[in-house]
Amino acid sequence: MAIETVAAPTETSVDLGPAAALSCRECGERFALGPIFACASCFGPLEVAYDLPSGSPDELKKRIEAGPNNIWRYAPLLPVPSDVADKPNINPGFTKLVKADNLARELGVTGGLYVKDDSGNPTHSFKDRVVAIAVEAARAFGFTTLSCSSTGNLAGAVGAAAARAGLRSCVFIPHDLEQGKVVMAAVYGGELVGIEGNYDDVNRFCSELIGDPLGEGWGFVNVNLRPYYGEGSKTLAYEICEQLGWQLPDQLVIPIASGSQLTKIDKGLQELIKLGLVEDKPYKIFGAQAEGCSPVSTAFKAGHEVVRPQKPNTIAKSLAIGNPADGPYVLDIARRTGGAVEDVNDEQVVDAIKLLARTEGIFAETAGGVTVGVTKKLIDAGLLDPSLTTVVLNTGDGLKTLDAVAATSQVSATIRPSLDAFRAAGLAATS
């Protein structure tokens with residue numbers, strides 16, 4: 001399983017644990033570890049290649065299980081130094097895998113249905129995982145400012161992680177984000193800059209800033225640190241399998257924004273198989289998008305290999321990336337595994353948020369409504385097998401997107417403080 005290690009130049013000779021090189025996902029060319037994200041030969045995206053641990057799978061399992069209750073239990077499989085758990089970080093991960101029996105009954109699922117609830121992370125979204133890895137790369141490469149382009153959740157995660165690590169932060173968001181996400185990103189004391197336009201406009205601006213002297217010393221977690229940042233999503237795959245008793249789920253439903261989370265979860269599952277930590281068996285990966293920003297779903301249904309950009313128009317703003325960088329790779333994975341990519345409209349998103357809250361006591365943000373809504377749609381269409389073990393991802397907290405459900409989630413009645421008034425309101429339970 002070892003790969004040829006590429007010697008890094010002196011200025012980027014760093015300790016990132018088992019990370020050995022950066023590898024182009026298109027042509028396979030390898031590069032030294034550094035703050036680069038595109039292949040110099042073909043401009044394909046780069047990702048981390050590893051010298052993964054060798055030896056007994058049982059010994060590696062014991063080592064993982066003895067680790068901390070956060071993502072650093074998987075440090076032997078991540079691009080981080082071995083002493084990462086001792087450094088100031090927000091320490092995300094090992095969130096709950098909820099066995100959703102009530103939701104299963106509502107949806108007609110007879111196999112095990114689970115919700116991987118990542119709202120329990122420090123800033124209440126899965127973005128804490130990817131940022132925690134990016135912080136270690138930023139430290140290794142000597143960056144002093146942490147930055148990003150964000151649809152909201154990432155901005156908060158970067159602000160919190162930078163504050164904890166003692167770094168400056170300056171993050172960029174579309175000007176019309178949900179107010180809850182704006183406040184959460186700003187409260188950590190870093191600079192928060194609204195850009196007139198959508199996420200794709202923000203991302204283009206950040207790419208320009210990286211090439212300007214103004215951006216010197218800046219680590220953009222989802223641009224020049226993207227190869228490392230993306231690896232944080234693998235920890236979702238690791239945790240799900242460990243929490244299932246070191247078993248692969250049969251089916252996963254994963255939201256799509258850039259598509260990086262879905263591709264890295266698949267990468268994590270493949271690594272577990274190669275290391276012998278789980279039994280190799282087929283699994284299906286399903287992607288979930290909002291109808292108002294569904295370029296990958298549209299391409300999948302049309303049988304296309306190319307994902308054509310769309311202008312986002314949906315309440316699911318955390319998924320509102322009209323030109324998803326990993327879209328083509330999502331198509332490949334969905335087709336390779338026998339899965340699919342589906343979308344739901346805003347009304348279905350709201351209904352799904354309320355369904356999950358009513359059945360399992362989990363208040364998901366709009367992205368979680370997308371995954372639950374798509375799960376229901378896939379079952380109804382006969383594309384997702386209700387007799388198999390299925391894991392649905394909720395990637396954020398509903399408190400961040402209150403506007404989506406505020407109009408239909410109000411007090412049942414306002415009464416005088418008396419039993420007679422309560423009886424008159426017709427709310428008293430009857431046997």
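The analysis underlying the following values was restricted to heavy atoms, covering all of them including side chains, and did not include hydrogens, waters or symmetry mates. All figures in this text were calculated on a predicted structure; none of them were measured in a lab. By convention here, the first residue in the shown sequence is residue 1.
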>> Counting C-beta onward and ignoring hydrogens, is there a side-chain heavy-atom pair between Glu65 and Trp246 closer than 4.5 Å?
In response: yes

>> Looking at Ser294, is its backbone amide N or carbonyl O close enough to the side chain of Gln310 to form a donor-acceptor pair, meaning the two atoms are under 3.5 Å apart?
In response: yes

Without placing hydrogens or testing angles, list every side-chain donor-acceptor pair under 3.5 Å for residues 148-159, not counting sequence neighbours.
from   : atom 1 : to     : atom 2 : distance (Å)
Ser149 : OG     : Tyr199 : OH     : 3.2
Ser149 : OG     : Asn203 : OD1    : 2.8
Ser149 : OG     : Asn222 : ND2    : 3.2
Ser150 : OG     : Gly152 : N      : 2.7
Ser150 : OG     : Leu154 : N      : 3.4
Ser150 : OG     : Ala155 : N      : 2.9
Thr151 : OG1    : Ser318 : O      : 3.3
Asn153 : OD1    : Lys400 : NZ     : 2.8
Asn153 : ND2    : Glu365 : OE1    : 3.4
Asn153 : ND2    : Glu365 : OE2    : 2.8

> So, for Pro227 and Leu22, which heavy atoms are closest and what is the spacing to 0.1 Å?
Replying inline: CB-CD2, 3.8 Å

>> Taking atom CG as the centre, does Asn313 end up with more than 12 heavy-atom neighbours from other residues, nucleotides or ligands that are less than 6.0 angstrom away?
In response: no

> Can you name the closest pair of heavy atoms from Thr95 and Asp117 and give their distance?
Replying inline: CB-O, 3.4 Å

> Nearest heavy-atom pair of Val307 and Pro328: which atoms, and what distance?
Replying inline: CG2-N, 3.9 Å

> Just by distance, do the side chain of His124 and the backbone of Gly396 share a donor-acceptor pair under 3.5 Å?
Replying inline: no

>> Let's go through Ile240 and Leu269 carefully: what are the C-alpha distance in whole Å and the side-chain angles of both, what is the deciding distance for side chain to side chain contact (heavy atoms under 4.5 Å, CB included) to 0.1 Å, and is it a yes or a no?
In response: CA-CA 10 Å; Ile240 288 168; Leu269 297 176; over 6 Å; no

> Is the backbone of Arg168 close enough, under 3.5 Å, to the side chain of Thr145 for a donor and an acceptor to pair up by distance?
Replying inline: no

> Can you tell me how far the CD1 atom of Ile315 sits from the OG1 atom of Thr366, to the nearest 0.5 Å?
Replying inline: 6.0 Å

>> Walk me through whether Leu46 and Phe37 qualify under side chain to side chain contact (heavy atoms under 4.5 Å, CB included).
In response: CA-CA 5 Å; Leu46 300 180; Phe37 59 96; 5.6 Å; no

> Around Lys301, counting heavy atoms of other residues, nucleotides and ligands shown, do more than 12 lie under 6.0 Å from its NZ?
Replying inline: yes

> Taking side chain as C-beta onward, heavy atoms only, is Leu167 less than 4.5 Å from Phe143?
Replying inline: no

> Any ion pair linking Lys267 and Glu231 (charged N to carboxylate O, less than 4.0 Å)?
Replying inline: yes

>> Any carboxylate oxygen within less than 4.0 angstrom of a Lys/Arg side-chain nitrogen, looking at Arg336 and Asp266?
In response: yes

> Roughly how far apart are Phe94 CZ and Arg73 CZ, rounded to 0.5 Å?
Replying inline: 4.0 Å

> Between Phe141 and Tyr228, does the ring centroid distance fall short of 6.0 Å?
Replying inline: yes

> Can Glu29 and Ser41 be said to form a side-chain hydrogen bond (donor to acceptor under 3.5 Å, both in side chains), step by step?
Replying inline: CA-CA 8 Å; Glu29 184 170 349; Ser41 297; 2.3 Å; yes

Hey, can you pull the donor-acceptor pairs under 3.5 Å for the side chains in residues 247-254, sequence neighbours left out?
from   : atom 1 : to     : atom 2 : distance (Å)
Asp250 : OD1    : Lys281 : NZ     : 3.0
Asp250 : OD2    : Thr389 : N      : 2.9
Gln251 : OE1    : Asp385 : N      : 2.9
Gln251 : NE2    : Asp385 : O      : 3.0
Gln251 : NE2    : Thr390 : OG1    : 2.7

> Has Glu347 got more than 12 heavy atoms of other residues, nucleotides or ligands less than 6.0 Å from its CD?
Replying inline: no

> Would you say the side chain of Gln261 lies within less than 4.5 Å of the side chain of Thr395, judging by non-hydrogen atoms?
Replying inline: yes

>> For the CD1 atom of Ile321 and the OG atom of Ser260, what is their distance to the nearest 0.5 Å?
In response: 9.5 Å

> Less than 4.5 Å apart, any side-chain heavy atom of Arg335 and any of Phe300?
Replying inline: yes

>> Can you tell me how far apart CG (Asp200) and CD1 (Ile195) are? Round to the nearest 0.5 Å.
In response: 13.5 Å

> Have Thr123 and Asp128 got a donor and an acceptor in their side chains that come within less than 3.5 Å?
Replying inline: yes

>> Please check if the number of heavy atoms outside Arg63 that lie under 6.0 Å from its CZ is greater than 12.
In response: no

> Run the side-chain hydrogen bond (donor to acceptor under 3.5 Å, both in side chains) check on Tyr74 and Glu239 step by step: do they pass?
Replying inline: CA-CA 9 Å; Tyr74 307 110; Glu239 288 179 19; 5.2 Å; no

> Taking the side chain from Gln348 and the backbone from Asn345, do they hold a donor-acceptor pair closer than 3.5 Å?
Replying inline: yes

>> Pair Tyr283, Thr337 - check side chain to side chain contact (heavy atoms under 4.5 Å, CB included), show working.
In response: CA-CA 6 Å; Tyr283 60 85; Thr337 64; 4.0 Å; yes

> Can you tell if the side chain of Leu262 reaches within under 4.5 Å of the side chain of Asp326, non-hydrogen atoms only?
Replying inline: no

>> One thing to verify: whether Arg139 and Glu136 come together as a salt bridge, which I'm taking to mean a side-chain N less than 4.0 angstrom from a carboxylate O.
In response: yes

>> Rounded to the nearest 0.5 Å, what separates atom CG in Asp118 from atom CG in Asp397?
In response: 11.0 Å

> Looking at Thr314 and Ala290, what are the two nearest heavy atoms and their distance?
Replying inline: OG1-CB, 3.3 Å

> Can you tell me if NZ on Lys96 sees more than 12 non-hydrogen neighbours from other groups inside 6.0 Å?
Replying inline: no

> When you check the side-chain N and O atoms of Gln243 and Lys116, is any donor under 3.5 Å from an acceptor?
Replying inline: yes

> Hey, is Arg226 close enough to Glu47 for a salt bridge, meaning N to O under 4.0 Å?
Replying inline: no

> Does the side chain to side chain contact (heavy atoms under 4.5 Å, CB included) test come out yes or no for Asn121 and Arg129, once each step is laid out?
Replying inline: CA-CA 8 Å; Asn121 277 312; Arg129 297 174 181 272; 4.0 Å; yes

> Any side-chain heavy-atom pair from Thr371 and Asn394 closer than 4.5 angstrom?
Replying inline: no

> Can you check whether Glu242 reaches Leu277 side chain to side chain, under 4.5 Å on heavy atoms?
Replying inline: no

> Hey, is the main chain of Ser297 close enough, under 3.5 Å, to the side chain of Gln289 for a donor-acceptor pair?
Replying inline: yes

>> Is the shortest side-chain heavy-atom distance between Asn323 and Pro295 below 4.5 Å?
In response: no

> Does Asp403 pair with Lys317 as a salt bridge, N-O distance under 4.0 Å?
Replying inline: no

> If every non-hydrogen atom of Pro122 is compared with every non-hydrogen atom of Ile90, which pair is closest and at what distance?
Replying inline: CG-O, 3.3 Å

>> Please tell me whether Lys264 and Tyr329 have a donor and an acceptor in their side chains that are separated by less than 3.5 angstrom.
In response: no

> Which heavy atom of Cys241 sits nearest a heavy atom of Val278, and at what distance?
Replying inline: CB-CG1, 4.0 Å

>> If I take atom CG from residue Leu356 and atom CD1 from residue Ile362, how far apart are they, to the nearest 0.5 angstrom?
In response: 5.0 Å

